[in-house]
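Below is one structure, written out as C-alpha cells; comments come after it.
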There are 2 protein chains.
Amino acid sequence: MSGKVIIAGLGPGADDLITPEVQSALDEATDIVGYFPYVARVQPRDGLTLHGSDNRVEVDRATHALEMAAEGRTVVVVSSGDPGVFAMASAVFEALEARPEFHDLDIRVLPGITAMLAAASRLGAPLGHDFAAINLSDNLKPWELVEHRLRLAAQAGFSMAFYNPRSKSRPHQFGRALEILREECGPNVLISFAKDVTKPTQELLTVTLGEATPEMADMRTVVIVGNADTRRVGPHVYTPRYAKPSASSA
Amino acid sequence: MSGKVIIAGLGPGADDLITPEVQSALDEATDIVGYFPYVARVQPRDGLTLHGSDNRVEVDRATHALEMAAEGRTVVVVSSGDPGVFAMASAVFEALEARPEFHDLDIRVLPGITAMLAAASRLGAPLGHDFAAINLSDNLKPWELVEHRLRLAAQAGFSMAFYNPRSKSRPHQFGRALEILREECGPNVLISFAKDVTKPTQELLTVTLGEATPEMADMRTVVIVGNADTRRVGPHVYTPRYAKPSASSA
C-alpha cells in the first residue's frame, strides 16, 4: 500500500493562515475529504477529486479516507482550524481503531491555526497564562460533565476557550454555562466573543460576565473567558504571564 | 505615529510551519526584536535590523519594541510557537500597560503553530478532547498554584499539555508533578514527551504515568498527558472525541 491519509488543518478562515506544510499536502493530494464548506476552500484542479460530506458523519468520512488510501490514493482530510482540536484527527483514529487491516497505513496529522488562538491573537493575549479548551457541545459527552469541567477550570484559575458554545438544537445550555461562570468567577471577569474570526465578517466583542448574554454566541463563535487578572490595555485584552499566590483561591 | 509593533509566532521550528501572514510581516519589518535563537531564524537583509536579546528580559525587550514603533519603525517581535501561549504577546501588553503614552500605537498579534499542537500532531491526536495548557515553571507563579492546577485539571478529566516542564534551576519539580498525576490519574494514563518537535532533532516518546521518569523531560520538551480514554492505535496516540458519563469522576 503506497497510499496515505494526511489530516490537515486549514486554519480559521483566512488563506494567509494556511501553513506551507498544509499547502504542499493539498498540492500533492489525489482526493480531498471533509465537511462541505471546508472542502470548498480547496482550489479544484485536474487530477483532484473533492469529496464533500455533511456534518456529523465524521467517522464515515474518516473510514472512506482510509479505504481510498488503502487503494493507493493520497487522501487529504481537511479540517478547519487545527485537526487535533475538536476536529477530524480523533475521528480518523476512531475509524482506524475499528479497522485493524489499516493500522499500517501511512497517516499523518498536519497542524493548523486553531480558532481559539486566532481569536486570542485578534483580541490581544487573553490566553497568555494557563488555560483550558472546552467543547461545550453535549453531542459526545453528558452535559453534567461539561458543568463539572467548567467549575473545576474556574476553581483552578484557568482562562478558558469554548468551542461550539451554542446551537439551535441546544439554545439554553450556554446560558447555564454563563450562570456557572458567574457563580464561580464573579461578575467582573472579562469574556470575549469572536465570531467568524479572521474572515471578512469577523466580529469581536468583550464584556464582563455580568454583562454577557447567551445571544452573544452562536456556532460560529469562539468564546474566551479570562481569569481574575485578565484586563484591558488600550483596545486590547490580555492575561498577564504571572499569577499572584492569592489567585490559587480565585 | 505611523510605526507599529507586530508580535509574530514563528511556529515550533520547521520553516514550513510559518504562516504566510507571519512571513509577510517579516518581509515588511524594519526591526526584529526577540530572544537570540528566535531572531536567528529570520533571514537578514538590507534595511532590516536584528535586535537579539537574552532570555528573561521579556518586558525590557517589549518596551524597546514599543519605543522603536513610536519613532515610526515597523517592529516585529518574534516568538517561537504562538506568541499568545506562554510567549511574548502578554509581555508586550504588560510593557504597554506601564507606558500610557503608547496606548494608541498600532499593535497586532499574529498567531503561530504552538508547540503543544505541533507535538500533538506528530503523536496523533492526544488533545482530541477537552484539555488544559499549563506552564510548569514557577518563575512567575508560586509552585503551590501549579500543584493546585494539576490536581483540578486531573479531576476534571482534562488532557494536559505542559510547557517548560523542567530546567536545571528547578530539577525536582517535574518529579513532584509526576507524583501528583499518578495520585490523581493512576499509573495507566499515557504521557508523551516531545523534544525539539518538528526540528531535525525531534524525539517522541510515549509511556504510562507509571513508567515516566523526570529525566524524560527538559526545557526543550513539551509534555502531553492523556485522559483516562487516551489510547494507542497502530503507532499513534489519540484521545477520543467522546466522554462517557463515568469519566466525570476520573
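Chain naming here is simple, since letters A, B, ... match the order of the sequence lines and numbering starts at 1 in each. Any value given below was found using the heavy atoms of this structure, including those in side chains, with hydrogens, waters and symmetry copies removed.
Looking at R151(A), there are no atoms closer than 4.5 Å to chain B (heavy atoms on both sides), in backbone or side chain. With a 4.5 angstrom heavy-atom cutoff, L96(B) touches chain A via backbone and side-chain atoms both. Contact of S24(A) with chain B is not made at all, since no heavy-atom distance falls under 4.5 Å. For a residue to count as touching a neighbouring chain, one of its non-hydrogen atoms must lie under 4.5 Å from one of that chain's; by this rule A161(A) does not touch chain B. Interface residue M116(B): only side-chain heavy atoms are found under 4.5 Å from chain A. Looking at A120(A), neither its backbone nor its side chain comes within 4.5 Å of chain B, counting heavy atoms on both sides. If you measure heavy-atom distances from L17(A) to chain B, the contacts under 4.5 Å come from both the backbone and the side chain. Both the backbone and the side chain of I107(A) come within less than 4.5 Å of a heavy atom in chain B. Contacts between D82(A) and chain B at a heavy-atom distance below 4.5 Å involve the side chain alone, from C-beta outward.
The two residues F86(A) and H129(B) come nearest to each other via the heavy atoms CE2-C, 3.5 Å. Smallest separation of non-hydrogen atoms from H148(B) and Q155(A): NE2-O, 3.3 Å. For A243(A) against L145(B), the heavy-atom pair with the smallest separation is CB-CD2, 3.6 Å. Shortest non-hydrogen contact noted between R241(B) and S90(A) is CG-CB, 3.5 Å. The two residues P111(B) and R122(A) make their nearest non-hydrogen contact at CD-NH1, 3.3 Å.
Within 6.0 Å of the CZ atom in R176(A), the count of heavy atoms belonging to other residues, nucleotides or ligands exceeds 12.
The candidate with the highest count of non-hydrogen atom pairs below 4.5 Å against chain B, out of L152(A), V92(A), L150(A), is L152(A). The choice from A125(B), S121(B), A132(B), G128(B) that makes the most heavy-atom pairs within less than 4.5 Å of chain A is S121(B). For the set A133(B), G84(B), S159(B), A14(B), the count of heavy-atom pairs under 4.5 angstrom toward chain A peaks at A133(B). Of all the listed residues (L127(B), I134(B), I7(B)), the one sharing the greatest number of non-hydrogen pairs under 4.5 Å with chain A is I134(B). Each of L140(B), I18(B), L110(B), N135(B) has some count of heavy-atom pairs under 4.5 Å with chain A, and the biggest count is that of L140(B). Counting heavy-atom pairs closer than 4.5 Å to chain A, the top-ranked of the candidates P240(B), A87(B), A153(B), A91(B) is A91(B). Ranked by heavy-atom pairs under 4.5 Å with chain A, the first of A89(B), A118(B), G124(B) is G124(B). When T114(A), T239(A), D130(A), V22(A) are compared by the number of non-hydrogen pairs under 4.5 Å with chain B, D130(A) comes out ahead.
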Exercise. Carefully, step by step, assess D16(B) and T19(A) under the rule side chain to side chain contact (heavy atoms under 4.5 Å, CB included).
Key: CA-CA 6 Å; D16(B) 62 357; T19(A) 67; over 6 Å; no
Quiz item: Where do N139(B) and Y242(A) land on the side chain to side chain contact (heavy atoms under 4.5 Å, CB included) test, with the steps shown first?
Solution: CA-CA 8 Å; N139(B) 285 340; Y242(A) 51 81; over 6 Å; no
Exercise. Given side chain to side chain contact (heavy atoms under 4.5 Å, CB included), test H103(A) with V233(B) step by step and report yes or no.
Key: CA-CA 7 Å; H103(A) 282 197; V233(B) 55; 3.6 Å; yes
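One side chain, Y238(A) or E97(B), offers a donor N or O that lies under 3.5 Å from an acceptor on the other.
Ring orientation note: the planes of H236(A) and F93(B) are tilted relative to one another, at an angle of 30° to 60°.
With values rounded to the nearest 0.5 angstrom, L117(B) atom CG is found 6.5 Å from L117(A) atom CG.
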